[in-house]
Amino acid sequence: MPEGDTIHRIARRMGKDLVGRSLTALAVQEVGAVPELEGASVEKVEARGKHLLVHFERGWSLRVHLGMKGRWRRTPASPGGGRHAASRASAYLTAGPFAWTCAGAYQVELVRTGHLSAHPRLSRLGPDLLAPSPDIAAMVRRASFPGHRDRAVATCIMDQTVASGLGNVYKSEVLFLEGIHPALPVHALAQNDMEKVFETAHKLMTDNLSRRRRETVPLTLRPWANSPRLWVYRREGDPCLRCRTAVARLVQEGRSTYFCPSCQRRDQGQRTGTRE
DNA sequence: AGACGATGCGGAC
DNA sequence: TCCGCCTCGTCTT
């Protein structure tokens, strides 16, 4: 589940547990225990796109990217300081009554807080879709750069240097809601359509921050307990929830995109409003 | 029990 | 554009 909404949800919960408390355990894969941070207090936990940052006093920050397989787990702090759990974890930290253990992460590192702005991964991120009022104009501008405007809109909006936090589930869901065929190149869309794509992404993702399970179909449109929670994602062959046409799947740059061939037409390149 | 596919990313071609 | 990652939940045998 690690798209931006998942990471932001974790950051919020982790912050409530850890901020203002002193570390009683910290271990980072490949680094091991960190004597310099013994007893240091946790100043802030934040998410930037799909990256999680934990800032400590004394000028250090932990950066974690879960990739596809990474997980965070929250458990009661163990009396022994969790040395055993820490030994094989990607990252392990305790401050106060709860311990946070990360397994299977794609990248974990301790970075000097002052160097974060120049970090090769973080510095290239586009504006975060989960900011309270994200910079939509900047996202649209980035999507119109030479390297992006000729790409399929589906792959473009997944690019973390255009906008950060959006992943494969929202990619399909947002384009369905906006009625845009995923294979259309960015330059075939009106600027207004791109704005709506990012605005809808922001809304869907923000709404899901407070939910346990990600969903995009409103509860009022889900008559049964097992009604689909997502419009099209992973629903290949099943009826579109709006028009009953079979949901189709397209592989773009190795990733599946799900869409409704009736609701999202290729020839809707002639869309409302001005064409770029 | 085993096969399959996945939420993400980067490197190889 | 494609593949590998060696992990885990879900579905099939």
Side-chain angles (χ1 to χ4, degrees), chain A residues 1-13 29-30 47-53 63-75 85 87-92 101-109 111 119-126 128-130 142 147-177 182-186 201-202 204-209 211-217 226 228-238 247-259:
Chain A
M1 342 270 163
E3 294 192 28
D5 57 337
T6 307
I7 310 304
H8 280 255
R9 193 183 314 124
I10 292 166
R12 188 190 274 186
R13 187 139 180 250
Q29 199 169 44
E30 314 259 304
R48 294 191 199 174
K50 297 170 188 173
H51 299 254
L52 180 88
L53 299 176
R63 182 183 69 89
V64 178
H65 193 301
L66 293 178
M68 207 158 58
K69 304 173 224 184
R71 302 264 158 130
W72 277 103
R73 281 180 42 203
R74 177 190 191 253
T75 54
S87 63
R88 53 186 123 200
S90 301
Y92 178 86
T101 309
C102 179
Y106 167 62
Q107 286 175 337
V108 186
E109 64 175 350
V111 201
H119 190 280
R121 293 279 159 280
L122 299 174
S123 62
R124 298 178 54 227
L125 289 177
D128 196 330
L129 282 161
L130 277 158
R142 284 170 178 243
H148 295 308
R149 51 180 284 107
D150 295 331
R151 299 169 77 196
V153 59
T155 36
C156 175
I157 63 175
M158 279 259 286
D159 190 313
Q160 301 299 298
T161 68
V162 171
S164 57
L166 192 142
N168 212 35
V169 177
Y170 288 114
K171 174 186 77 174
S172 293
E173 297 295 292
V174 164
L175 293 177
F176 171 79
L177 285 168
L184 282 174
V186 173
H202 167 70
L204 290 179
M205 294 171 77
T206 302
D207 288 350
N208 277 311
L209 282 180
R211 296 194 179 108
R212 252 198 205 168
R213 296 175 64 176
R214 183 182 293 142
E215 63 185 51
T216 55
V217 181
N226 64 347
R229 304 174 114 81
L230 301 174
W231 290 104
V232 289
Y233 183 74
R234 287 260 253 170
R235 296 192 61 242
E236 184 180 16
D238 290 348
V247 170
R249 183 172 71 103
L250 187 66
V251 177
Q252 299 177 284
E253 300 196 7
R255 312 298 305 280
S256 292
T257 309
Y258 300 85
F259 69 105

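All values below were derived from every heavy atom in this structure, side-chain atoms included, with hydrogens, water molecules and symmetry-related copies excluded. All chains are named by letter (A, B, ...) in the order of the sequence lines, taking the proteins before the strands, and each is independently numbered beginning at 1.
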With nearest nucleotides of DNA chain B determined for A:Ser256 and A:His51 from heavy-atom distances, which residue corresponds to the more 5′ nucleotide?
->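 Final value for this comparison: A:Ser256.
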Between B:dC9, C:dT1, B:dG5, which nucleotide has the shortest distance from any of its atoms to the side chain of A:Arg234?
->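 Among the listed nucleotides, the one closest to the side chain of A:Arg234 is B:dG5.
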Kindly say whether A:Tyr233 contributes a backbone atom to a donor-acceptor pair with the side chain of A:Glu173 at under 3.5 angstrom?
-> yes
Quantified in whole Å, what is the P atom distance between nucleotide C:dC3 and nucleotide B:dC4?
->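 So the two P atoms sit 16 Å from each other.
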Interface polar pairs with nucleotides 11-13 of chain B, N/O, under 3.5 angstrom:
none

Would one find a side-chain N or O of A:Tyr233 under 4.0 angstrom from OP1 or OP2 of B:dG5?
->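 A:Tyr233 to B:dG5 OP1/OP2: no side-chain N or O under 4.0 Å.
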Evaluate the side-chain proximity of A:Asp238 to A:Tyr258: yes if any heavy-atom separation is below 4.5 Å, no if none is.
->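 When only atoms from C-beta onward are counted, A:Asp238 and A:Tyr258 do not touch, as no gap falls below 4.5 Å.
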Sugar-phosphate means primed atoms, P, OP1 and OP2; the rest is base. With that split, encode nucleotides 4-11 of chain C 5' to 3' as B, S or - using protein heavy atoms under 4.0 Å.
-> -B-B-S--
Can you check the A:Arg124 CZ to B:dC9 P distance for me, whole Å?
-> 11 Å
Scan A:Gln160 against the nucleic acid and name what it touches under 4.0 Å (heavy atoms): base, sugar-phosphate only, or nothing.
-> sugar-phosphate
Result of checking A:Arg214, A:Arg12, A:Arg211 against A:Asp5 for salt bridge (charged side-chain N to carboxylate O under 4.0 Å, His left out) |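 So the option named by the test is A:Arg214.
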Considering residues, nucleotides and ligands other than A:Arg229, do more than 12 of their heavy atoms fall under 6.0 Å from its CZ?
->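 Above 12, so yes.
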